[in-house]
Each structure stands twice: as structure tokens, then as C-alpha cells.
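Let me begin by presenting the structure, written as C-alpha cells, before commenting on it.
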Amino acid sequence: MIVVAVIEENEKEEEAQQSLEELKSLVHTAHGTVVHTETQNRKTAHVTSYVGSGKMEELKELVEEHEADVIIINGELSPRQGYTLSANTEAAVIDRTQLILDIFAERARTKEGRIQVELAQMTYLLPRLRGQGHSLSRLGGGIGTRGPGETKLETDRRHIQRRMDELKRELKRIVKHRQLLKNNKHQRLVPKVALVGYTNAGKTTLLNALTDEEAFAEDLLFATLDR
């Protein structure tokens, strides 16, 4: 996989590099391998293609050279940018948000978590359906294809909207049930404790140590998704 970032003129170089390293860690979490990292310094990302036309040609050559099947962008692409990049580089193109949602789809274990992730994926991908099926077909599986899946994404928008409505109704039922349990605990004066911190800060490891739980904990970004 090739990781690409535009470093805009208002960004600090150190912060841009930290963000890029975090993206590589996300790729590792999603079981991917980064074969090349490419950056471009621009005033702002290109409105149509994210990178400039010259850099886009370079990316096409890099895809061929490294036999890469995916380009991952360190930012959020507009539907137009994603389609243009994919069409001109002949590679599947996903952005940072889609990568994170893909990790969530793999990590979610509870029914509520799975519903929330699928709803988030459909909400994000609905305006990006143009060219999405063609882009995903290059992958055959793996990063960018977990969750709703290629078949669902290639169906018409009305079907996807109906599915989103179903998920919202189911999520409301789950939230209502959880609120009843929460009120019950409140009435019994059950104390509540929260562990708060950035992803991979060690919250689950601390929870396991304090409570003798055996929740999944690993040195990965978003290793633990559900409560």
C-alpha cells in the first residue's frame, strides 16, 4: 500500500509527520503493509484530485513499480477527489476516515457497536458511490472492503437508505434498553467510573489490571472499540 499526504502551507512540518506516522500505524492495525510513502507540499489540497497532476502521474508509476493495490490518503477525500485519483492511478483509493471505519468494522463485537459502524460506513460512503464498486473490485478483499461490503455498495441508493433507516430504528431500541438499565443502576446508587484517553494510551490494560477483566488489549490503534 502507498501512503500519500499533502502538507499544506499552514501545517507545521512536525505535526504533519506525526499524523503521517499515525496513519502508517493505522494501516498496520488494519493488517496492511506500507511499501512507499509520498508527500507533496501545496498551499492546499487540489480540489479535484487532492494532489497535483504531476504528482498523480508519479503515483501511477509508483503503483506499477511497487505492484500496490491501494493508495491511502492522509486526510478526508471528497467524492470527486477519490474518483479522480482512482481513475488516474488505476488503484483503489481510500482515505483516513474510511480506513478508521474499516478498523472499527473489524473490531466491533457488540450488536450496538456493529450497527453503529455499519451506519457510519453507509453514511460516509453513500455520496461516494460513483466509482466505488470499480475501485473496490481491484481489492478483492481486505482493507476498505470490510463492513457493508462491495455487493451492498453497488446496489441502488434507495436500498442503502432503507438499510440506514432500519439500522437507526434498531439503534434507538438498543439505546432505549440501555437507558432503562442505566436508570436502574442509578436508582441503586451503583458508582460509575470512566477511563478516558487517546487511542492506544493503555486504557484497556489499566482496566484489566484494576478489575481482573480479560478484555482484549494490544499495542494497536483502536484495538479495543466496544466498552
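Side-chain atoms are counted along with the backbone in the values below, which use heavy atoms only and exclude waters and symmetry mates.
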Mark yes or no for whether [X], through its side chain, and [Y], through its backbone, hold a donor-acceptor pair below 3.5 Å.
X	Y	answer
Asn208	Ala215	yes
Glu112	Leu171	no
Arg42	Ile7	no
Ser86	Ala91	yes
Asp95	Ile73	no
Thr29	Ser25	yes
Thr199	Phe222	yes
Arg107	Ala105	no
Gln81	Ser78	yes
His46	Thr48	yes

Test log, rule side-chain contact (heavy atoms from CB on, under 4.5 Å), inputs Ile71 and Leu85: CA-CA 9 Å; Ile71 293 174; Leu85 268 174; 5.7 Å; no
For Gly82 against Val93, the heavy-atom pair lying closest together: O-CB, 4.3 Å
Minimum-distance pair of heavy atoms, taken over all atoms of Lys24 and Val34: CG-CG2, 4.3 Å
Heavy atoms, side chains only, cut-off 4.5 Å: are [X] and [Y] in contact?
X	Y	value
Lys55	Val4	no
Leu125	Gln98	yes
Glu38	Glu58	yes
Glu118	Leu167	yes
Leu206	Leu195	yes
Ile2	Val70	no
Met56	Thr84	yes
Gln121	Val117	yes

Gln18/Leu20 under side-chain contact (heavy atoms from CB on, under 4.5 Å): CA gap, chis, key distance, verdict: CA-CA 5 Å; Gln18 287 177 347; Leu20 197 53; over 6 Å; no
Strictly by modelled atom types, are [X] and [Y] linked by a side-chain donor-acceptor pair under 3.5 Å?
X	Y	result
Asn183	Gln179	yes
Glu106	His31	yes
Ser49	Asn88	no
Glu13	Gln17	yes
Thr224	Lys203	no
His159	Gln161	no
Glu76	Thr97	yes

Criterion salt bridge (Lys or Arg N to Asp or Glu O under 4.0 Å) on Glu90 and Lys60, from CA distance to verdict: CA-CA 7 Å; Glu90 299 181 3; Lys60 183 178 180 180; 3.7 Å; yes
Matching residue for Ile174 among Lys172, Glu170, His177 - test: side chain to side chain contact (heavy atoms under 4.5 Å, CB included):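 Of the listed options, the one satisfying the test is Glu170.
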